[in-house]
Every structure is written in structure tokens, then in C-alpha cells.
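Here it is, the structure in full.
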2 protein chains.
Amino acid sequence: MNEARPVTRIQQKNRATILDAALDVFSLRGFGGATVDQIAATAGLSKPNLLYYFPTKEAIYEALLGGLLDTWLDPLRAMKPSGEPLPEILAYVQRKLEMSRDFPRESRLFANEIIQGAPLIESELSGALRSLVDEKAEIINKWADEGRIARVDPHHLFFSIWSLTQHYADFDVQVRAVLGEGVDDPFPEAEIYLTTLFTRMLTPS
Amino acid sequence: MNEARPVTRIQQKNRATILDAALDVFSLRGFGGATVDQIAATAGLSKPNLLYYFPTKEAIYEALLGGLLDTWLDPLRAMKPSGEPLPEILAYVQRKLEMSRDFPRESRLFANEIIQGAPLIESELSGALRSLVDEKAEIINKWADEGRIARVDPHHLFFSIWSLTQHYADFDVQVRAVLGEGVDDPFPEAEIYLTTLFTRMLTPS
DNA sequence: TATCTTTTTGACCATATGGTCAAAGCGACG
DNA sequence: CGTCGCTTTGACCATATGGTCAAAAAGATA
């Protein structure tokens, strides 16, 4: 019973290679726009060989998306009611911004999925995501009750954190086009700006 | 020389129908994921008939995208240096939010294009878009110089306006999933939240 | 080295897809 | 009513695409 899946070295390596290549392709073209041949070529494998590791194109996509939402929410999970309100929130913003900087492909994959109606993860959105957000929204409300931050709609606060941080990954091309050649890394300025924004908005008057 | 294109009633109607159907399909599936058959079916036309009005799938896509950026920027153009700073900016935010509410498909089409690297409009991004933004950034800076708003990075200010407002169109599914069944229109609350956010951030301390 | 399992591949298949074309249908106008 | 130009369509085509399969190649194991 020990080897239901005989995960060999080769399998581990090739699965990882395939998923990495698929992330490249899916995040750039979306599910429908991606082809198995493109993924196989990017991975440096023949198409039948790729299909030896994953039975279908859907299976690759699902493997990528599975757990992505979880990873995406880890920074929010880390927001503790015991901490100081503003630093906790700013830390969350910063972690999300770091994810946009370090994992832009994952962000774009996620964005693509949502824009296209989240056919695969809608249940998770209204399940796990929603309950986590509701739970954390309570914390925000409690902090506001205590006068430790200004009162804001907690759900829209989270929306704003998501959109502001993910924008730098998803709309990277636009950001760079607008900032021009002179700016090769928008993230340091983004961090300053977002810190200012949330500090000013949440500091009790 | 009056009728280089003999735009008949039928042509006008069918072109409009096709573009509307194409907007449905492209905004939901992206360029690569959309098929001519889907568009034709949505438009209620046969495929050859559709291709009588637009020579290729690309042509339909380009027709949709052409001018979309322009329309998208109109609210920004309306921001006048002669007005009161905060109301001008809040009006811009509100107009953008209204566009997300009233034209979500256009917003998603645009988002798809950018996420996928903006192959078609990158030149416009670093051309027309960039110069308009630079011009309006000057105004923001001037207002800050005069102490009429708090100082912020104007480019990132625009990024934040775009991302916050478009989020409600592009990530609509997620927004609704998180807010739950009880909320059928997130926009009124969004407007309040965004007004609060930008007011608090931009009001001079 | 011989054997057994895992991995890789060339050849192949059915269907989907973007696009063409000649011919038929239709509507305005003299 | 007949003609002429615009519109529509069924049939068709080449290529792309997701996926299969039997057999060869390459490891692992004894």
C-alpha cells in the first residue's frame, strides 16, 4: 500500500517541468487560447510524452489551479487579530505585493480564470474564500469598533487590497508602458504608494 | 466620392450585431479561446455570412479594440486643471466606476488584452496613453505643489484608480461570490468606499 | 547480463477551426 | 416586371488541435 503512485525521480522532474511550461502558456493565453503543443514545446517534451504525465489539457490546468487559491490566501490567513491593526493590514498588503512581484504568472492565471467566469473555482470562491474573508472582516470591524482604525467596509477593503496589488502583475505591460523606459522596477514605488494609501485611509481621524 | 463604403441599413445592423456578439465571446474567452463559429452563433448569423462583413477573426477583434482605449480614456481627458482638485479626481473615479458597471464586457476585453501582453495595443499604451497620463500627472503634481491635495505619486494614483474601479467589472464573479447572495448590486457600496478612500488619501493633512 | 518496468516517440485519427467560393436569394429601382 | 447589386448560404478545403497506440528506447533490478 506504500506505492499507489510510484513517483519516480523522472516523474517528479517532468511533472514539474510540464506545470512550469503550462503556467507560462496558460497565464499568457488563457485556457482556451493555449494549446497542448505549445505547452509541450515549452516544456521540451513531445506531445505524447506530455500526455503520458497528464491525461488531458484540462488535467494540467486543474493541477495548476488546484491549490493556487489556497496559496493566494495564505497572506490573508496570516493576518492575526492579536497584532496591531495597521501594521497587520500593511503587512498583508506588502505580502500580496510581493506575490505579484515574485509570481506574476500565477497572478495572471488566476485573473484569467476569474475574468472568464471562474468555471473551475467558483465553488471555492463562494466556499473557502468567502468564509475566510468573512472571518477576517470581523477582525477589521472589531478593530474599527475599538477605534484602532478608521471605519471602512471590510469586504471592499479586501477587494481594494487585491486589486491594487495584483494590478502590478496582471497589468504589468500597461504599468511599464505608462512609466516609460526610465523605470525598470515599479515595485519599490508601488510599495511606498500603497503604504501611504492604506495608512491615510485607515488611520483614525 | 460619397460612397467609398456603401453602408446600407443592413450593413449597419449586421456589423453592430456582430460586434456585440463578438464582445460577448471575446470578453469571456479571450482572443485565442474564442471561435468564429461561437461569434456567428451568438450573432444569429451563418459563419460565411459573418465573414462577409469582417474578413477575419482578427479584423473583428481589432474593430472592437480600436477606439476602446480612446473611450476608456475619455473620463481622464475630462479631468480639468481649472476645477477643484478633490472633486475633479473623485468625479474621475466615479466615471470610471460607472463604466465598469455599465460596460463590463468592454472592461474584460481590455483586461484580457493587457494580461495577454497587449500584442495589439502596446504602441498605443506607450504612445497616446502615456502622454495623456503624463499630462494629467503634471496637474496632480501642481495641485500637490499648491497644497490643495496631499502629495502622492501621480502615476500610481492613476494605476490605483484604474485597478480599483475595473476590479468590479473584471473580477465581478469573485466580488459576488465573496459578498454572497444577499448583495445583488455591489456598486453603491463600492462608490462609497472608493470616495472615502480617495478623500482620506488626498485630503491635505 | 537478462528481465521487467517505466519512459519516449513516430505515426495516426477524429474533430474543430479559420476561411473560400460559386451559386442562390433578395430588394431597390427604373 | 426585369435587372442589377447587395446579401446569404451550403459545400468545401487546408490546417490545427486534442488525443491514441503500438512499438522502441531507456532504466531499474536481480
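Order of the sequence lines sets the chain letters (A, B, ...), proteins ahead of strands, with each chain counted from 1. Basis for what follows: all heavy atoms, side chains included, without hydrogens, waters or symmetry-related copies. Keep in mind that what you see is a predicted model, and the values were worked out from it rather than measured.
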- Task: Rounded to the nearest angstrom, tell me the gap between atom CD in A/Q12 and atom P in C/dT7.
- Result: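 Answer to the nearest Å: 11 Å.
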- Task: Respond yes when some side-chain nitrogen or oxygen of B/Q11 is under 4.0 Å from OP1 or OP2 of D/dC6, and no when none is.
- Result: no
- Message: Between C1' on C/dT17 and CZ on B/F31, what's the gap in Å once rounded to a whole number?
- Response: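 About 12 Å, once rounded to whole Å.
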- Item | Among C/dT7, C/dG18, D/dG18, the one nearest B/V36 by side-chain distance |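 Nearest nucleotide to the side chain: C/dG18.
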Counting only pairs under 3.5 Å, give me each side-chain donor-acceptor contact of residues 89-96 of chain A, with atom names and distances, residues two or more places apart or in other chains.
| unit_1 | atom_1 | unit_2 | atom_2 | d |
| --- | --- | --- | --- | --- |
| A/Y92 | OH | A/W162 | NE1 | 2.8 |
| A/Q94 | NE2 | A/E191 | OE2 | 3.3 |
| A/R95 | NH2 | A/P75 | O | 3.4 |
| A/K96 | NZ | A/Q166 | OE1 | 3.0 |

- Residues from residues 16-30 of chain A lying under 4.0 Å of DNA chain D - heavy atoms: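 DNA chain D contact set from residues 16-30 of chain A: none.
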- Under the side chain to side chain donor-acceptor pair (under 3.5 Å) test, which residues partner B/S107, sequence neighbours left out?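 Only B/D170 meet the side chain to side chain donor-acceptor pair (under 3.5 Å) criterion with B/S107.
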- Check: A/Y193 and B/M201 side chains under 4.5 Å, non-hydrogen atoms: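 Yes - at least one pair of side-chain heavy atoms lies under 4.5 Å apart.
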- Message: Applying side chain to side chain donor-acceptor pair (under 3.5 Å) as the test, list every pair that has at least one member in residues 37-60 of chain B; sequence neighbours left out.
- Response: B/N14-B/Y53
- Query: Given D/dT20, D/dT7, C/dT6, which nucleotide is nearest the side-chain atoms of A/T8?
  - Reply: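 So the side chain of A/T8 is nearest to C/dT6.
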- Protein-nucleotide distance (B/R9, atom CZ; D/dT7, atom P), rounded to Å: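 Spelled out: CZ on B/R9 to P on D/dT7 is 11 Å.
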- Item | side chain to side chain donor-acceptor pair (under 3.5 Å) partners for B/D102, two or more places apart | none
- Note on the structure: Of all heavy-atom pairs linking B/S160 and B/F198, the shortest is OG-CE2, 3.7 Å
N/O-N/O pairs, protein side and nucleotides 8-16 of chain D side, under 3.5 Å:
| unit_1 | atom_1 | unit_2 | atom_2 | d |
| --- | --- | --- | --- | --- |
| D/dT8 | OP2 | B/N14 | ND2 | 3.1 |
| D/dT8 | OP2 | B/N49 | OD1 | 3.1 |
| D/dT8 | OP2 | B/N49 | ND2 | 3.4 |
| D/dT8 | OP2 | B/Y53 | OH | 2.5 |
| D/dT8 | O5' | B/N49 | ND2 | 3.2 |
| D/dT9 | OP2 | B/S46 | OG | 3.2 |

- Sorted by chain and residue number, the salt bridge (Lys or Arg N to Asp or Glu O under 4.0 Å) partners of A/D153 (sequence neighbours excluded) come out as none
- Query: What nucleic acid atoms does A/A59 come within less than 4.0 Å of, heavy atoms only: base, sugar-phosphate, or nothing?
  - Reply: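 Contact class for A/A59: none.
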- Measure the distance from CZ on B/F54 to C1' on C/dG18 and round it to the nearest whole Å. 16 Å
- Item | Listed once per pair and sorted, the side chain to side chain donor-acceptor pair (under 3.5 Å) pairs that draw on residues 174-187 of chain A, sequence neighbours left out | A/D172-A/R176
- Message: Within the 4.0 Å heavy-atom criterion, would you say B/A34 contacts the bases, only the backbone, or no part of the nucleic acid?
- Response: sugar-phosphate
- Item | Pair listing, side chain to side chain donor-acceptor pair (under 3.5 Å) test, anchored in residues 132-143 of chain B, at least two apart | B/D134-B/H155
- Determine the contact category for B/E58: base if any of its heavy atoms lies under 4.0 Å from a base atom, sugar-phosphate if only primed atoms, P, OP1 or OP2 are that close, otherwise nothing. sugar-phosphate
- Query: Quick one: A/I39 CD1 to D/dG18 C1', roughly how many Å, whole number?
  - Reply: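 To the nearest whole Å, that distance equals 11 Å.
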